[in-house]
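One-based numbering along the sequence shown.
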Amino acid sequence: MMLMKKMRTAARLRSQLWSLKMPSLCHRSFAAISTYKAVIFDMYGVLIPSPVKLATVFEQQNSVPLGTLGRAIRTGGELNAWKRFMRGEIGAEEFVEAFGRQCSEIAGCPVPIGSFLSDLTSGPMTRPLPVMMKAILCARSRGLKTAVLSNNFFQLNGDPFLPLDHSLFDVIVESCREGLSKPDPRIYHLCLNRLGVSAHEAVFLDDLELNVKAAVQLGMHAIKVGDLAVSVKELEGMLGIPLSGFVPGPDSAPWATKLPMDRLTQYLRKALHLSDEDPVAVQQLSPSQSNSLYHLTTGGRHLLLRKQQKTSRAMETEYRMLKSLNGSSIPVPEIIDLCEDPSVLGAPFLLMEVCLGRMFSDHSLPGLTPGDRRALYQAMQHTLCQIHCLDTRVVGLEDYDEPVDYMGLQVRWWTQQYRDSETPPIPAMERLIQWLPLHLPKHQRTTLIHGSFRLENLVFHAEKPEVVAVMDWGRSRLGDPLIDLTFSCMGHCLPQDNPLLTGISDRGLVQLGIPTVEEVMGQYCSSMGLEEGIPDWNFYMAFHLFCLAASHQGESKSTIAGTRT
């Protein structure tokens, strides 16, 4: 009861902050490479408009009872005219006669199927959907294979109907050419084999539930496409990469910033002891000019390079942390070097090994079962407890900045950040500035803290509910561990439309299998031996919301200043 009372109080506090109309968060830089290797697209209803809507319009215009074509497609089993047409067993002329007769019997009146087939291969049906085309370009620019797996047919001229740029796909599998159609598992296997990937390495998109279920049963991760923008967002969450904003260029990579390849190759050969024959391939992963992220492949190794305009405290902190934690109980990527020699890339950079695994940017974990979601969130909390239980003396961090009154320092620092970027006064912020110092936790433990512990900064095992790497250690220090715990729960307490941070509180956590805030707190307190629970929960939540608002205020002021100059 006490916890629920605190949660309701926190909710009232959050509602005051939702009135702050700030810009949305920028897309984060992805710090690991997903284990997905291919994306497979259905054509109708995914890459081009759905024929279902076309059928409805056709029936209305020709005074055919609504649903006639759908009934004809669903009746007669595998030997009906529609399915035989899709498998290439009959041509267009025979299909028009047989399917027209079937539809006319259902409707009780003549149905001009020849006209419907003409509509199916003309007009809007010939124009690929832009949002999906952009997603394909972005996916391919990151090295992912793409394929079309379509129940398709031969036209009157003998060619399949495929109004797509074939160069955008590594593999095109059409039912009429193969004599197989979805949801027959054999055609899925055929597509996977031609791509050279296993089922768990592919994501499949289709607008029909039965085709999606068939893919899932084979071990693929699948998305049922309805709203295109929502489906692209879900795919983005699965792949861990942005799927919009593609800008064509000579290297076909979005936001590409050229690196001096000769100098970089020379440096890598010396640092990694490569031979002169080992080529170096580069893909840029983030658009930021001040903090650019690149994926390198050379000598059979996958590397991550983060370049900044100047050596920052965060870069030095991350380098020291990864060096110290390597080999400890905390999973981190292997750090290779912090290069501060400007003659290499013109700016300092970190070089580390890529951690292969799954990364998620959508906290609802689309495409997973409720059981899998719960297991991943439990693994996340287990890893957080490992960080907070670490003996810093064992890993050589005993001299790591240990603050006095950590939360007091944080409140004062963020208040100053807000003041420095303040525009017109915001009453809710002014009340928080007065409230926070008066409600500082009386008892603060000190442990190693990550500083930005959230789902997006974790790499999970490709198949098991296990964290294989914790990324982004630039904000780590010794401090109050509850700052990590409460930050990791922020999404649980905010709705999807929150202007500060997209949440999942209104997504139905129990149905999704995602632990509630109470369960997360219970697991953490049990693992860490906190018998008293977390009495200052409201303070930490208010503090995090204050930080988010102050950060957005800074972005807003920078935008305004940039507009005026």
Side-chain angles (χ1 to χ4, degrees), residues 2-3 6-7 9-10 313-314 317-318 320-321 324-325 328-332 377-415 432 435-455 457-458 467 470 472-493 515-548:
M2 181 63 70
L3 179 60
K6 290 178 178 179
M7 292 300 293
T9 303
R313 182 188 181 280
T317 297
E318 182 162 22
R320 181 183 178 186
M321 286 301 303
S324 299
L325 295 177
S328 72
S329 60
I330 301 173
V332 294
Y377 269 101
Q378 289 174 340
M380 176 179 175
Q381 288 306 312
H382 173 71
T383 301
L384 181 60
C385 291
Q386 284 182 302
I387 294 173
H388 294 168
C389 288
L390 183 73
D391 186 342
T392 53
R393 295 170 298 179
V394 173
V395 294
L397 295 172
E398 63 274 6
D399 61 337
Y400 210 42
D401 307 325
E402 182 167 357
V404 177
D405 185 25
Y406 176 77
M407 290 310 304
L409 288 172
Q410 288 292 302
V411 168
R412 290 191 290 274
W413 190 88
W414 278 102
T415 298
L432 269 177
W435 186 89
L436 288 169
L438 299 176
H439 294 83
L440 291 168
K442 292 182 173 60
H443 304 288
Q444 298 178 38
R445 294 181 300 128
T446 299
T447 70
L448 174 66
I449 62 173
H450 180 271
S452 186
F453 192 83
R454 54 180 177 164
L455 187 71
N457 283 331
L458 302 178
V467 176
V470 182
D472 207 357
W473 286 87
R475 296 185 180 90
S476 64
R477 61 177 63 232
L478 296 183
D480 185 347
L482 295 183
I483 204 78
D484 275 345
L485 173 67
T486 48
F487 185 64
S488 72
C489 293
M490 287 291 290
H492 289 62
C493 304
T516 62
V517 170
E518 293 89 342
E519 289 177 299
V520 171
M521 289 172 60
Q523 180 185 346
Y524 181 86
C525 291
S526 175
S527 299
M528 300 298 294
L530 303 181
E531 296 180 0
E532 73 281 7
I534 304 175
D536 296 298
W537 175 267
N538 283 348
F539 169 84
Y540 291 103
M541 294 301 295
F543 170 75
H544 285 307
L545 287 165
F546 177 71
C547 295
L548 285 170

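- In this structure, the separation between OG1 on Thr415 and CD on Gln410 is 10.5 Å, given to the nearest 0.5 Å.
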Using the side chain to side chain contact (heavy atoms under 4.5 Å, CB included) rule, take Ser328 and Val394 through it: C-alpha gap first, then chi angles, then the decisive distance, then the call. CA-CA 9 Å; Ser328 72; Val394 173; over 6 Å; no
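- The shortest side-chain heavy-atom distance between Gln386 and Val467 does not fall under the 4.5 Å cut-off.
- Residues Val411 and Pro437 approach most closely at CG1-CG, 4.2 Å, considering heavy atoms.
- We find the CG-SG distance between Leu390 and Cys385 to be 13.0 Å, quoted to the nearest 0.5 Å.
- Put simply, the side chain of Ile387 does not reach to within 4.5 Å of the side chain of Ile449, judged on heavy atoms.
- When all heavy atoms of Thr446 and Pro481 are compared, the pair lying nearest together is N-CD, 4.4 Å.
- Ring geometry for Phe453 against His450 counts as perpendicular: the plane angle is over 60°, on a 0 to 90° scale with 30° as the lower cut.
- Remark: Phe487 pairs with His544 by the ring-ring contact (aromatic ring centres under 6.0 Å, His included) rule, at least two apart or across chains.
- Put simply, the side chain of Leu455 reaches to within 4.5 Å of the side chain of Tyr377, judged on heavy atoms.
- Side-chain contact between Met380 and Ser488: present, with at least one pair of heavy atoms (C-beta onward) separated by less than 4.5 Å.
- Taking the side chain as every heavy atom from C-beta outward, Val395 and Ile330 never approach each other to under 4.5 Å.
- The heavy-atom pair separating Gly533 from Pro535 by the smallest distance is O-CD, 3.5 Å.
- Arg475 CZ: 12 or fewer foreign heavy atoms inside a 6.0 Å radius.
- Separation of atoms SG (Cys525) and CG (Leu482) is listed at 8.0 Å; rounding is to 0.5 Å.
- Every side chain to side chain contact (heavy atoms under 4.5 Å, CB included) that Gln444 has, sequence neighbours left out, goes to Asp405, Tyr406, Met407, Pro441, Asp480.
- Contact detail for Thr516 and His492: the closest heavy-atom pair is C-CD2, 4.3 Å.
- Two residues are said to be in side-chain contact when any heavy atoms from C-beta on lie closer than 4.5 Å; Trp473 and Asn457 fail this criterion.
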Hey, mind stepping through Tyr524 and Cys489 against side chain to side chain contact (heavy atoms under 4.5 Å, CB included) and telling me if it holds? CA-CA 12 Å; Tyr524 181 86; Cys489 293; over 6 Å; no
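- Distance check: Phe546 CZ to Leu548 CG gives 11.0 Å after rounding to the nearest 0.5 Å.
- The minimum heavy-atom distance linking Gly474 with Arg313 is given by the pair O-NH1, 4.4 Å.
- Contact check for Leu325 versus Val470: no side-chain heavy atoms found under the 4.5 Å cut-off.
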Worked check of side chain to side chain contact (heavy atoms under 4.5 Å, CB included) between Arg320 and Leu397: CA-CA 9 Å; Arg320 181 183 178 186; Leu397 295 172; 3.6 Å; yes
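- The side chain to side chain contact (heavy atoms under 4.5 Å, CB included) test applied to Glu531 returns no partner, not counting sequence neighbours.
- Residues Thr486 and Phe543 fail the side-chain proximity criterion, which asks for heavy atoms closer than 4.5 Å.
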Steps toward side chain to side chain contact (heavy atoms under 4.5 Å, CB included) verdict (Asn538, Met541): CA-CA 5 Å; Asn538 283 348; Met541 294 301 295; 5.7 Å; no
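- Summarising the geometry, atom CE belonging to Met521 is positioned 4.0 Å from atom CD1 belonging to Ile534; distances are rounded to the nearest 0.5 Å.
- Of the possible polar contacts, one joining the His439 side chain to the Trp435 backbone as a donor-acceptor pair under 3.5 Å is found.
- Distance CD1/Ile483 to CZ/Arg477: 11.0 Å, rounded to 0.5 Å.
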